[in-house]
Amino acid sequence: QQQQQQQVGVEPTGNNSAGGMAAAVQGNSKQQQLQRLAAPCAARPGSDLWLVSAVMSVVDGDCRSPVMLAGLGWSSQLPGAILASQLAALGAAHRNLQDAALAQKLARVVPVLYGALAALPQQELAAAAAVLEGQPTVWVGNGFVPAERVAFKGGLDLSPHLYVLPLELSPFRELLAALGAQEAFSAAQYTTLLQDLSTEAAGQPLAPQQLAQALAVVQAVADVVGASGGGATAGIRAGNVAAAAGGKHMEVLLVPDEKGVLRPAAELAYDDAPWLDAPTAGLEGELRLVHPRVSAPVAEALGVASRRRLMLAASADCLALGLAGAGGAVEAFGQSEALTTRLRHIIQDYPEGPGVLLELVQNADDAGASRACFLLDARQHGTSSLLGPGMAAWQGPALLAFNDAMFSPGDFAAIARIGQDGKMAQPAAIGRFGLGFNAVYHLTDLPSFVSGQHLVLFDPHAKYLPGASAAQPGLRINLSRGGSNLLRQFPDAFSPYMHFGCSMEVRRRWWRVWWCWVSCG
């Protein structure tokens, strides 16, 4: 028995009383021979060595008589508690196996043990799974790991942190699922793995193999939460990650920086302003960039801030485009009703063609302007330094409207309220209830205007402007605070407005209506 159990790799069992073992018989001083006896109920034949050796005695030899097997009680199914204890003992003894011969032996016999467990009645299997919870019970080829670190599918080598179930054990998916293995790794598991890598690196750059794992993991996290990019806010991204974690508490998500050091995603930015040479241009303090092998959509999905958005937020003192806690020259601003449906109904009341220009003339009259001008700008403007990548589609030909009046605070509020009777108290106003501006949606999905110290852009579909959402489908940029920096940082974004003597610093009103090649449905 002792020799057989040492081959298995677990300690021999038994004691002088409860285990049903006889006391050792002392030999001479040069040799000691152990002879043990056990009751049949406390022993099993040699064929069950790998199923019971950690908790029961094993007979020195096998029994081939069915009658004797039945008479000694060895033909009955092993209890779940015995099988669970055996698996726990094997897992504890072989977390990381270096002996190749023993590894081959275990690869052959572990399926036998799994098969015995899988054959248990459901209630008994559940009790065995409770005993094994958190213990290394899943064979992964070179040792046992806890089932919580195993998934049935996955394309990444994340050992020694996470493992994909070996193909030869796939017949036992139901059993291993009961023990805690999952169909695929979760965002929470990936986040914990990144925390483990950070602990191993102790604040230093990751080793090449660790860095490769970390980059693969952040890509996998983005896949889990859905790497959408295109204007998702930090709050939405964080909510997606939490939802992907099943609502459970998650550790801080770590992402490799440009030096390969794992840092919280909230402390990093991805570089979507490559035309700026200095990493901190337009920002105060140090800016840490995400690793260059992390793509912009992945960084966006993980909650890494856009460098462009940070540059806008650096000038702000109010609301910073989805960046919680910042404020300043840029604030969320937009026509906050359900726009696409509402606007479709409104523009049905306004004719296309010259009627759009008449509505803009009426807006100029309402503001007390003495002059109104229109310009068809057929040029294609630059697309390198824009407020966001989605704005590139709107740098082409445009209709510009100018008048020499300025918006009042009430005008800003009125234009953001669709269908509100803001002119009832203004008998001299000739526009129709403030709806006339919306006629421009015959021509464009992204109208904008400059008035006084503000640049306002509306994005009803919330798909072009950085940080735009269905709740706040637009931006209002205060050019009097950090405006000179913004003009230097985003020259292509502001160049289309440089007409009629406008330098983006003169307090007059311009309208820019981009010609629309995107449906306004």
Side-chain angles (χ1 to χ4, degrees), residues 94-100 103 136 138-146 148-167 181-182 184-227 229 237 241 244-245 250-274 277-280 286-307:
H94 304 302
R95 290 175 178 267
N96 188 10
L97 194 58
Q98 304 297 327
D99 187 336
V138 181
W139 174 253
V140 292
N142 61 351
F144 290 86
V145 299
E148 294 78 10
R149 291 164 56 186
V150 176
F152 298 131
K153 62 181 182 180
L156 302 176
D157 179 10
L158 302 178
S159 59
H161 305 282
L162 298 174
Y163 298 84
V164 177
L165 185 72
L167 185 62
Q182 302 180 45
F185 296 120
S186 66
Q189 287 174 300
Y190 287 134
T191 302
T192 301
L193 188 154
L194 292 168
Q195 290 283 348
D196 292 341
L197 289 176
S198 178
T199 300
E200 293 173 6
Q204 298 301 311
L206 298 174
Q209 182 179 358
Q210 292 176 318
L211 179 60
Q213 283 189 332
L215 292 171
V217 166
V218 296
Q219 173 68 63
V221 175
D223 290 341
V224 171
V225 302
R237 291 190 299 269
V241 174
M250 284 179 50
E251 301 289 345
V252 175
L253 178 63
L254 302 179
V255 180
D257 69 7
E258 55 189 335
K259 296 180 180 179
V261 178
L262 284 170
R263 299 186 184 279
E267 296 180 5
L268 299 174
Y270 66 92
D271 190 4
D272 61 344
D277 295 331
T280 57
E286 182 182 4
L287 174 66
R288 293 191 177 98
L289 295 177
V290 74
H291 194 279
R293 288 172 59 188
V294 177
S295 68
V298 169
E300 184 84 3
L302 299 178
V304 176
S306 156
R307 185 179 174 190

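Only this structure's heavy atoms are used, side chains among them; waters, hydrogens and symmetry mates stay out.
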V252 vs Q195, side-chain contact (heavy atoms from CB on, under 4.5 Å): CA-CA, chis, key distance, verdict: CA-CA 8 Å; V252 175; Q195 290 283 348; 4.1 Å; yes
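What you find for Q213 and L197 is that their closest heavy atoms are OE1-CD2, 4.0 Å. Across L302 and A222, no two heavy atoms sit closer than the pair CD2-N, 3.8 Å. Closest of all the heavy-atom pairs between V150 and F185 is C-CE2, 3.9 Å. Of all heavy-atom pairs between L206 and A214, the closest is CD1-CB, 3.7 Å. The heavy-atom pair separating S198 from L254 by the smallest distance is CB-CD1, 3.5 Å. In terms of heavy-atom proximity, G260 sits nearest to L211 at CA-CD1, 4.3 Å.
Rounding to the nearest 0.5 Å places CZ of R263 at 4.0 Å from CZ of R288. A distance of 14.5 Å separates CG of L156 from OH of Y163, quoted to the nearest 0.5 Å. In this structure, CG on L165 lies 13.0 Å from CD on Q182, to the nearest 0.5 angstrom. For the atom pair H94 NE2 and N142 CG, the distance stands at 12.5 Å (nearest 0.5 Å).
For the pair R95 (side chain) and G143 (backbone), a donor-acceptor distance under 3.5 Å is absent. In terms of modelled atom types and a separation under 3.5 Å, the side chain of Q204 and the main chain of A201 share no donor-acceptor contact. No donor-acceptor pair under 3.5 Å is formed between the side chain of R149 and the backbone N or O of S159.
The number of heavy-atom neighbours closer than 6.0 Å to CZ of R293, taken from other residues, nucleotides and ligands shown, is 12 or below.
Among L268, V217, L194, V218, the one residue that satisfies the side-chain contact (heavy atoms from CB on, under 4.5 Å) test with P256 is V218.
Residues passing the side chain to side chain donor-acceptor pair (under 3.5 Å) test with S295, sequence neighbours excluded: none. In this view, D272 and S306, R308 satisfy the side chain to side chain donor-acceptor pair (under 3.5 Å) rule, not counting sequence neighbours.
Residues L162 and Y190 are in side-chain contact: their nearest non-hydrogen atoms beyond the backbone lie under 4.5 Å apart.
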